[in-house]
There are 2 protein chains.
Amino acid sequence: MFSIGRLSRATGVKVPTIRYYEEAGLMPPPDRSAGGQRRYARADLDRLHFIAHGRGLGLSLEAIRHLLELSDKGRDCTDAHQIAAQHLSDIRARIARLQRLETELERLADTCDHAPGAPCGLIEALGDHGQCLGEH
Amino acid sequence: MFSIGRLSRATGVKVPTIRYYEEAGLMPPPDRSAGGQRRYARADLDRLHFIAHGRGLGLSLEAIRHLLELSDKGRDCTDAHQIAAQHLSDIRARIARLQRLETELERLADTCDHAPGAPCGLIEALGDHGQCLGEH
DNA sequence: CCTTGAACCTCTAGTGACTAGAGATCCTAT
DNA sequence: ATAGGATCTCTAGTCACTAGAGGTTCAAGG
């Protein structure tokens, strides 16, 4: 049985965040001490690790909630793999998009020759999407 | 002079978003018709194009606000380039991070052999960060 | 046993960049 | 003159937290 502070230190998840996860239904309401403070057991530690790991991988709380359900009632892991696959394709799409932005921003910055007194090519280009090559 | 709806259609920015930009101080309070409806001029169109383009590139409203100020009082474009450079390095950091996540997720999904009745390797791995190679 | 002070409690509000809805008013085309 | 689409303001909700106020409890040292 440990306090919320120890759970926090053990997992790296901040105290208010743990309480937030409880309110959000990801962590079950724990036991309480005589004075009303939260007391956690081993299973809670594992569950919080699971959540923290999922968040670290960029999964939404919604997705993690779903995975926890699957984990709770075990067996079929098709859904779990589907969630992971969906997330993976999200990540790939985001990478592709960011790479387009990277290219575009590099190009925009180059349209300015920094001539003293002249208008800034970068700012001009921002006002005129017509100058852009790809879309974003 | 056009209505907010026409401005919206001309820029692709939704009507409530335009009002939000006004409230956020990015768009100046426009003229009003006798009945109190917003009436926009050419300069507003250009400014909104600028904002939309910046957003499309992933700039924060804060950054755009700053760029608009620079644009308004012209001349020195050092700051503008600094904002762009900062954003570019943010983008690169995000790409790198997402690529690490991509690798890790691919690996996690592979730890499961889908054996019927066996626990899901993916879910197990999510509970145990110790199995991970990089950090995230 | 008592005190101290760190940790804990609940509750409210704020973040960024919008989006959704209610209920009322306006504008334009017929 | 009227119909109905567009607009108005205002409030509240989204996601995943974070910050702060003001009060209570716990554990260690004396």
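In what follows, every chain begins at residue 1, and chains take the letters A, B, ... in the order their sequences are listed. Side chains are part of it too, since the values below use all heavy atoms of this structure and drop only hydrogens, waters and symmetry mates.
When the side-chain nitrogen and oxygen atoms of A:Arg19 are compared with OP1 and OP2 of C:dC9, one or more of them lie within a distance under 4.0 Å. Between A:Thr17 and D:dA16 there is no side-chain polar atom (N or O) within less than 4.0 angstrom of OP1 or OP2. In this model, the phosphate group of D:dC17 is approached by a side-chain N or O of A:Tyr21 to a distance below 4.0 Å at OP1 or OP2. Regarding contacts with the backbone of C:dC18, every side-chain N or O of B:Lys14 stays at 4.0 angstrom or more from both OP1 and OP2. Taking only side-chain nitrogens and oxygens, A:Arg38 never comes nearer than 4.0 Å to OP1 or OP2 of C:dC8. An OP1 or OP2 oxygen of D:dT7 is reached within less than 4.0 angstrom by no side-chain nitrogen or oxygen of B:Ser33. Remark: A:Arg32 is not in phosphate contact with C:dC8, judged by side-chain N or O atoms under 4.0 Å from OP1 or OP2.
Per the geometry, CZ belonging to B:Arg6 stands 15 Å off C1' belonging to D:dT7, to the nearest Å. Counting to the nearest Å, the C1' atom of C:dG16 and the CG atom of B:Leu26 are 12 Å from each other. A:Arg55 has its CZ atom 9 Å from the C1' atom of D:dC15, to the nearest Å. Atom C1' of nucleotide C:dC26 and atom CZ of B:Phe2 are separated by 20 Å, given to the nearest angstrom. A:Leu59 has its CG atom 15 Å from the P atom of D:dC15, to the nearest Å. Going from atom CG of B:Leu61 over to atom C1' of C:dT15 covers 13 Å, rounded to whole Å. One can place CD of B:Glu23 at 13 Å from C1' of C:dT19, the figure rounded to the nearest angstrom. As a whole-Å value, the separation of B:Asp90 CG from C:dG16 P is 15 Å.
Each of B:Tyr20 and A:Gly36 has a nearest nucleotide on DNA chain C; the 5'-most of these lies closest to A:Gly36. Of the two residues near DNA chain C, B:Pro16 and B:Ala34, the one whose nearest nucleotide lies more 5' is B:Pro16.
Residue A:Arg9 is classed as having no contact, given no heavy-atom separation below 4.0 Å to the nucleic acid.
What you find for B:Arg65 and B:Ala24 is that their closest heavy atoms are NH1-O, 2.5 Å.
Distance from the side chain of A:Gln37 is smallest for C:dC8 among the nucleotides D:dC8, C:dC8, C:dA17.
B:Arg19 and B:Glu22 are not joined by a salt bridge, as no carboxylate oxygen comes within less than 4.0 angstrom of a charged side-chain nitrogen. Salt-bridge formation is not detected for the pair B:Glu102/B:Arg97: no Lys NZ or Arg NE/NH1/NH2 atom is positioned less than 4.0 Å from an Asp or Glu carboxylate oxygen.
Checked by atom type and distance alone, the side chain of B:Ser71 never pairs as donor or acceptor with a backbone atom of B:Leu67 at under 3.5 Å. Looking at A:His87, its side chain does come within 3.5 Å of a backbone N or O of A:Leu57 through a donor-acceptor pair.
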